[in-house]
Novice: 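What follows is a single structure, and I will ask about it in a moment.
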Amino acid sequence: MGVRMALQRGVHALCMAVLLCLSRTPLALPHATAHQQQPPHLVFVMVDDQGYSDVGYHGSQDIRTPVLDQLAAQGVKLENYYVQPICSPSRSQLMTGRYQIHTGLQHSIIRSRQPLCLPPDGPTLPERLQRAGYDTHMVGKWHLGFCRRRCLPTARGFRSFLGSLTGGADHFSFRSCDGAEACGFDLHDGERPAWEMSGNYSTRLYTERVKEILRSHHGRTPLFLYVALQAAHSPLQAPAQLLQRYRSLDNRPRRHYAAMLGGVDEAVGEIVEEMRVRGYYRNSVLVYSSDNGGQPLWGGSNWPLRGGKGSYWEGGVRAVGFVHSPLLERRGVVSHALIHVSDWYPTLLSLAGAPEPDPRRLDGYDVWGTISRGLPCPRTEILFNIDPVSQRLSESDQQSLTVSGFGIWDTGVRAALRVGHWKLLTGNVGDGDWFPPQMFPGEPQRWKDMEKRQDQRGKSVWLFNISADPYERMDLADARPEVVKLLLSRIAEYNRTAVPAQNPPDDPMADPQLHGGVWTPWLTQEEGESEHSNEVADAHNSKARFKPCKVCRLRALFKKVRSRLQRAALFF
């Protein structure tokens with residue numbers, strides 16, 4: 001009898017505990033209840049080099065973005081949203097959900113002639129979505145390496161691809177150069193060069209391809225569209241009708257940059273309208289994101305944030321971002337939750353009904369509940385990067401670096417971390433100037449109108465309370481040494497999980513002139529690591545198309561030597 005009563009009490013207590021837990025923790029089923037019959041169509045729009053201030057709803061006075069403003073106003077604006085300061089890192093974290101230190105891509109971009117690409121040791125977002133039954137397509141800029149066929153978008157989960165493999169092609173001719181000595185054609189439809197499409201404006205071309213995909217898609221299959229527009233990345237180019245709208249801007253880079261973003265605004269509007277016409281809109285989620293901060297030298301504006309593209313100041317990493325979807329439970333709101341580009345990987349997989357089976361493998365978090373319902377955000381910190389290749393080596397700095405690092409961390413290493421309200425930067429984190437918008441409208445202004453940084457000379461560590469000081473004007477490193485120590489310890493902990501940085505030298509065999517004038521995979525199975533078993537035949541075909549010859553190798557060698565001699569001559 002006593003045993004029975006004890007069991008009954010135990011069961012009762014367990015039931016009460018479960019009920020209490022359920023009452024306190026909302027069921028994590030925002031997706032299933034909203035669309036039980038079919039997972040949502042997912043559209044991710046990534047824009048290149050859009051400055052934080054270069055959108056109407058952030059107060060831009062000279063760039064008009066009515067479509068983006070309306071979509072953001074009807075969705076959720078992400079006002080504490082971060083990306084990486086340059087192209088390849090942001091794209092790699094979107095595709096993998098992992099920080100750069102865990103993929104070996106923590107140093108710079110992937111250069112066109114570099115035998116390097118997104119590592120194959122984990123499934124990409126489109127690969128996972130394909131397994132979940134999605135039809136996956138990409139248009140636009142890849143910039144995640146293409147030295148081997150297995151690195152191409154069509155080998156990493158996309159059923160179709162129209163776009164550029166390198167970082168910045170001409171928007172009309174699609175000619176892309178890596179330095180002055182290596183130039184070639186870079187527009188690919190699948191794995192073939194799309195010569196016949198040359199002459200079209202990139203934003204217009206990519207928009208039309210997206211509309212074609214929407215028209216031909218079978219509506220019952222969930223769709224993932226990755227629209228990686230190259231605008232407003234240099235070269236600054238736009239059709240005459242777009243430039244005409246901004247003829248009053250005297251600053252030429254700003255005028256062309258504004259026209260390019262005007263084209264982006266139109267493109268997004270056309271894509272959403274096509275989704276409505278084809279019946280996809282009601283069960284869709286659209287994410288809009290810039291890939292890094294704007295480049296003031298090329299027309300972008302991040303004011304009043306500090307710094308710009310290439311730096312770990314807020315102007316380089318705080319991004320324009322919003323989510324627009326009829327499936328949102330809250331709309332027309334602003335979210336100040338801490339969200340990072342790596343979070344889209346688990347978030348979109350969860351929406352697709354295929355959540356990451358081992359979340360510990362990822363650095364990103366599923367933030368849909370935070371965005372859609374306003375639940376507490378699971379993310380409390382962001383490691384922007386640890387780049388040992390960019391370490392300061394000046395002997396005069398060693399003593400100050402040792403002192404400022406408290407024996408915990410070499411602050412000569414380029415690193416940046418945000419934990420809660422605090423942001424810590426160490427090493428050479430990039431240009432820390434502010435670029436006031438007054439230099440853009442009206443009469444042409446001189447660079448003397450910039451606000452010059454006052455706290456970078458002789459320093460290697462900075463601390464800011466970003467919530468109270470988002471413009472990074474008040475360095476608190478000296479006033480709050482205890483916080484500096486804690487954050488340095490956190491960086492050191494992250495560093496213990498880092499893989500070696502991959503930064504191989506350029507390969508002269510990548511020169512497009514050795515491959516019919518086209519940027520294309522140049523390494524085969526025989527020339528490097530073994531391909532996956534199901535790609536051996538493709539590698540053989542690639543080798544047959546681009547069979548190396550002794551003359552080609554000699555020509556590449558002479559070009560490499562000549563280039564090195566030219567660079568050496570600059571120092572004598």
Side-chain angles (χ1 to χ4, degrees), residues 80 82 84-85 89 93 98-108 305-307 310-318 338 340 342 363 379-434 452-501 503:
N80 212 1
Y82 287 91
Q84 298 305 115
Q93 297 189 36
R98 295 190 292 169
Y99 288 147
Q100 296 159 261
I101 64 166
H102 296 143
T103 59
L105 301 177
Q106 55 264 57
H107 179 69
S108 193
L305 301 181
R306 183 177 184 176
S311 79
Y312 286 93
W313 305 103
E314 290 292 283
V317 294
R318 187 175 288 207
L338 190 63
H340 185 245
S342 63
D363 298 303
R379 178 180 287 283
T380 59
E381 63 185 49
I382 296 173
L383 176 71
F384 294 108
N385 198 19
I386 301 172
D387 180 8
V389 181
S390 296
Q391 183 175 4
R392 284 180 176 172
L393 298 176
S394 172
E395 292 183 4
S396 61
D397 291 337
Q398 291 305 308
Q399 184 176 359
S400 62
L401 296 180
T402 303
V403 172
S404 60
F406 298 100
I408 301 171
W409 178 252
D410 181 356
T411 58
V413 174
R414 185 181 197 186
L417 171 76
R418 177 167 173 182
V419 178
H421 301 301
W422 296 105
K423 179 180 175 182
L424 185 79
L425 305 98
T426 70
N428 181 14
V429 291
D431 189 346
D433 286 339
W434 291 268
K452 290 294 182 182
R453 58 188 183 272
Q454 302 295 325
D455 63 350
Q456 282 195 271
R457 183 173 300 176
K459 281 183 62 66
S460 61
V461 59
W462 298 263
L463 176 70
F464 301 96
N465 183 326
I466 290 299
S467 298
D469 177 26
Y471 313 136
E472 296 171 300
R473 293 183 178 276
M474 186 175 295
D475 178 16
L476 300 174
D478 294 334
R480 300 298 301 271
E482 75 284 2
V483 177
V484 172
K485 291 179 183 178
L486 287 172
L487 298 189
L488 289 175
S489 298
R490 192 72 185 109
I491 290 178
E493 289 176 20
Y494 272 116
N495 193 54
R496 284 192 282 272
T497 70
V499 300
N503 185 39

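From a predicted model like this one, the values you see are computed outputs, not experimental measurements. Counting from 1, the numbers follow the sequence of the chain as shown.
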Novice: Under 4.5 Å between any side-chain heavy atoms of P85 and V317, yes or no?
Specialist: yes

Novice: Might you work through the side chain to side chain contact (heavy atoms under 4.5 Å, CB included) test for H102 and S342, ending with a clear yes or no?
Specialist: CA-CA 12 Å; H102 296 143; S342 63; over 6 Å; no

Novice: State which residue, out of R306, R473, K423, fulfils the salt bridge (Lys or Arg N to Asp or Glu O under 4.0 Å) condition with E314.
Specialist: K423

Novice: Can you measure from CG (L424) to OH (Y312) and round to the nearest 0.5 angstrom?
Specialist: 13.5 Å

Novice: Quick one: do W422 and N465 satisfy side chain to side chain contact (heavy atoms under 4.5 Å, CB included)? Show the steps, please.
Specialist: CA-CA 5 Å; W422 296 105; N465 183 326; 4.1 Å; yes

Novice: Taking the side chain as every heavy atom from C-beta outward, state whether N495 and W409 have any atom pair closer than 4.5 Å.
Specialist: yes

Novice: Rounded to the nearest 0.5 Å, what separates atom NE2 in H421 from atom CD1 in I466?
Specialist: 11.5 Å

Novice: Would R480 and E482 satisfy salt bridge (charged side-chain N to carboxylate O under 4.0 Å, His left out), going step by step from the backbone distance to the final call?
Specialist: CA-CA 5 Å; R480 300 298 301 271; E482 75 284 2; 2.5 Å; yes

Novice: Step by step, would you call L383 with D363 a side chain to side chain contact (heavy atoms under 4.5 Å, CB included)?
Specialist: CA-CA 9 Å; L383 176 71; D363 298 303; over 6 Å; no

Novice: Restricting to non-hydrogen atoms, name the atom on D475 and the atom on L463 that form the minimum distance, rounded to 0.1 Å.
Specialist: OD1-N, 3.0 Å

Novice: Are the side chains of V419 and V483 in contact, using a 4.5 Å heavy-atom criterion?
Specialist: no

Novice: Can you name the closest pair of heavy atoms from S108 and P89 and give their distance?
Specialist: O-CG, 3.8 Å

Novice: Under 3.5 Å, is there a donor-acceptor pair between the side chain of Q93 and the main chain of Y99?
Specialist: no

Novice: V461 and A477: which non-hydrogen atoms are nearest, and at how many Å?
Specialist: O-CB, 4.0 Å

Novice: What's the spacing between L417 CG and L486 CG if we round to 0.5 Å?
Specialist: 11.0 Å

Novice: Does the side chain of L105 reach to within under 4.5 Å of the side chain of Q84, using non-hydrogen atoms?
Specialist: no

Novice: Main chain of G420, side chain of R418: is a donor-acceptor contact present, judged purely on distance under 3.5 Å?
Specialist: yes

Novice: If the test is side chain to side chain donor-acceptor pair (under 3.5 Å), which one of H340, R318, R379 qualifies with Y82?
Specialist: R318

Novice: Give me the atom names and distance for the closest heavy-atom approach of T411 to S460.
Specialist: OG1-OG, 2.9 Å

Novice: Kindly compute the distance separating OH (Y494) from CD1 (I101), expressed to the nearest 0.5 Å.
Specialist: 7.5 Å

Novice: Which value, rounded to the nearest 0.5 Å, describes the distance between D387 atom CG and N428 atom CG?
Specialist: 10.0 Å

Novice: Atom CG in D478, atom NZ in K459: separation rounded to 0.5 Å?
Specialist: 5.5 Å

Novice: Given R414 and N385, is the side chain to side chain contact (heavy atoms under 4.5 Å, CB included) satisfied, shown in steps?
Specialist: CA-CA 8 Å; R414 185 181 197 186; N385 198 19; over 6 Å; no

Novice: Using the rule ring-ring contact (aromatic ring centres under 6.0 Å, His included), only one of Y471, W434, W462 pairs with W313; which is it?
Specialist: W462

Novice: Heavy atoms, side chains only, cut-off 4.5 Å: are P481 and F406 in contact?
Specialist: yes

